[in-house]
Amino acid sequence: MEQAYRAFRVNQDERGFRTGIETIRIADLPDGDVTIRVHYSSVNYKDGLASIPDGKIVRSYPITPGIDLAGEVLESSDSRYQPGDLVLCTGYGLGVSQDGGLADIARIPGDWLVKMPEGLTPMETMAIGTAGFTAALSVERLIANGLSPDWGPVVVLGSSGGVGSMAVSILGKLGYHVIAVTGKAQAREKLRALGAAEVISREEATAGGKGPLSKEQWAAVVDPVGGAVTGEVLKKIKYGGSVAISGLTGGNKIDTTVFPFILRGVNLLGIDSVLCPMPLRSKLWQQLAAEWKPETALANGITELPLERVSEALTTVLAGQAVGRQVINLIK
């Protein structure tokens, strides 16, 4: 193994806050059972937060962001993984408390790893990444709470973003009538190509009533946005329907009443992909490699970039301007 590797680093010390690509000694890798040659990583909103001084998610500095990675095992003291195995990791402390995937090499605990599912390449797993896994977890929770295609339309908020675009693709493939919500007019045709039956604006999604309840319209909502829009869509959920909420790009407070819950039996489902138990995590990755594989998103919603353009990608995701997924290629 070579003696050094490249990583996008975030530092905050007596010299101030700074980011950039650095060359680091292999000897300085963090503790972990498995050393991985990273082939691909991706850019998520949480990575954007890790790259700014007031992001409030990094535990200590310096840190290599990147909450996703896929690659090949180089060394392992964990008997479940051998050199040459292809693996992936999303969530846990990756890129937050442990150096993450925006580097040529990473060392992480074996308990965080998933073996590469048959039916997906390393690049495809990172095109899916935390965003696609969160979308799949949202769909799984909705189905577990009774959702079926004949129940009615499913709304996807923030549908041009990572979680939203993957959710549109997965739900469309499973036969649901998907209503994609976006504030980006230029994304409408792409969302239809992903599988959306309808595309509406944020204003259309939240219009329709000043009281605590509006007309029942939707069977379910995939909500990676949060904030004020969540309170508005809750008013329109059909009796017994659900909202699966996974994000806060729209804010961390919800303005609602008890009425959707006690008069219509609506479920507000919290989605956490970071500490998702491994049995469910492995099951969902197998589904994403097979019957839930989001082919339309993989074909239409991916931008591939080298490590040298990570800063640009992070700025894009923080500004809410990313359409689909940004994948970082570390093997070119």
Side-chain angles (χ1 to χ4, degrees), residues 131-182 191-192 194-209 212-250 254-273 276 280 283-284 287-288 291-292 294 296-297:
F133 182 76
T134 301
L137 186 54
S138 300
V139 173
E140 191 275 339
R141 288 290 306 280
L142 291 172
I143 292 173
N145 278 270
L147 181 66
S148 60
D150 61 0
W151 201 357
V154 180
V155 168
V156 178
L157 301 176
S159 58
S160 59
V163 176
S165 60
M166 287 289 167
V168 170
S169 185
I170 293 168
L171 287 163
K173 182 173 184 179
L174 294 178
Y176 288 87
H177 183 99
V178 181
I179 301 176
V181 179
T182 182
L191 289 169
R192 289 189 181 278
L194 290 180
E198 302 177 49
V199 182
I200 64 175
S201 68
R202 295 168 187 163
E203 292 73 24
E204 290 174 284
T206 56
L213 291 172
S214 299
K215 179 182 176 182
E216 296 180 46
Q217 297 183 46
W218 306 318
V221 175
V222 175
D223 180 6
V225 177
V229 67
T230 304
E232 292 301 316
V233 298
L234 279 167
K235 300 177 182 180
K236 301 182 179 184
I237 304 301
K238 290 184 174 184
Y239 190 94
S242 303
V243 174
I245 184 167
S246 61
L248 46 61
T249 57
I254 298 172
D255 183 10
T256 188
T257 68
V258 300
F259 293 114
F261 311 108
I262 66 172
L263 295 183
R264 290 182 178 166
V266 170
N267 306 294
L268 184 58
L269 308 173
I271 304 301
D272 169 48
S273 63
C276 175
L280 178 56
K283 171 191 169 185
L284 287 176
Q287 288 178 304
L288 285 165
E291 65 269 21
W292 287 22
T296 55

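Taking all atoms of both residues into account, the shortest heavy-atom contact from Pro224 to Gly164 is CG-N, 4.3 Å. Residues Gly162 and Ala131 share a closest heavy-atom pair of C-CB, 3.5 Å. The shortest non-hydrogen separation linking Tyr239 to Trp151 is O-CZ2, 3.6 Å. Residues Arg192 and Ala197 approach most closely at NH1-O, 3.1 Å, considering heavy atoms. Ala219 and Ile237 get closest at one heavy-atom pair: O-CG2, 4.1 Å. Shown here for Val229 and Gly226, the closest heavy-atom pair between the two residues is CG1-O, 3.3 Å.
Here the side chains of Pro294 and Leu288 are in contact, with some heavy-atom distance below 4.5 Å. Within the 4.5 Å cutoff, no side-chain heavy atoms of Val181 are placed close to those of Val233. Residues Val222 and Leu171 have side chains in contact (heavy-atom distance under 4.5 Å, counting atoms from C-beta outward).
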Evaluate the criterion side chain to side chain donor-acceptor pair (under 3.5 Å) for residue pair Ser242 and Asn145; output intermediate values, then yes/no. CA-CA 7 Å; Ser242 303; Asn145 278 270; 4.8 Å; no
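Note on residues 153-170: pairs passing side chain to side chain donor-acceptor pair (under 3.5 Å), not counting sequence neighbours, are Ser160-Thr182, Ser160-Lys184, Ser169-Thr296. Within the structure, salt bridge (charged side-chain N to carboxylate O under 4.0 Å, His left out) pairs that include any residue of residues 151-162 do not occur (at least two apart or interchain). Residue pairs satisfying the salt bridge (charged side-chain N to carboxylate O under 4.0 Å, His left out) criterion with at least one member in residues 168-177, sequence neighbours excluded, are listed as follows: Lys173-Glu295. The salt bridge (charged side-chain N to carboxylate O under 4.0 Å, His left out) analysis of residues 145-155, with sequence neighbours excluded, yields no pairs.
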Tell me which donor-acceptor pairs under 3.5 Å the side chains of residues 132-143 have, and how far apart each pair is, sequence neighbours excluded?
residue, atom, partner, partner atom, Å
Thr134, OG1, Thr130, O, 2.7
Thr134, OG1, Ser273, OG, 3.1
Ser138, OG, Thr134, O, 2.8
Arg141, NH1, Gly270, O, 3.1

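Distance check, rounded to the nearest 0.5 Å: CG of Leu234 to CZ of Phe259 gives 14.0 Å. How far CG of Asp223 is from CD1 of Ile254: 7.5 Å, rounded to the nearest 0.5 Å. The CG atom of Leu263 sits 6.0 Å away from atom CG of Leu213, with the distance rounded to the nearest 0.5 Å. From Leu191, atom CG reaches atom CD of Glu198 across 12.5 Å, with rounding to the nearest 0.5 Å. Remark: Gln287 CD to Ile170 CD1 distance equals 9.5 Å, nearest 0.5 Å. One distance of note links CD of Glu232 with CG of Asp255; it measures 7.5 Å at 0.5 Å rounding.
Qualifying salt bridge (Lys or Arg N to Asp or Glu O under 4.0 Å) partners for Arg264, counting only residues two or more places apart in sequence or in other chains: Glu216.
Between the side chain of Lys236 and the backbone N or O of Ala207 there is at least one donor-acceptor pair closer than 3.5 Å.
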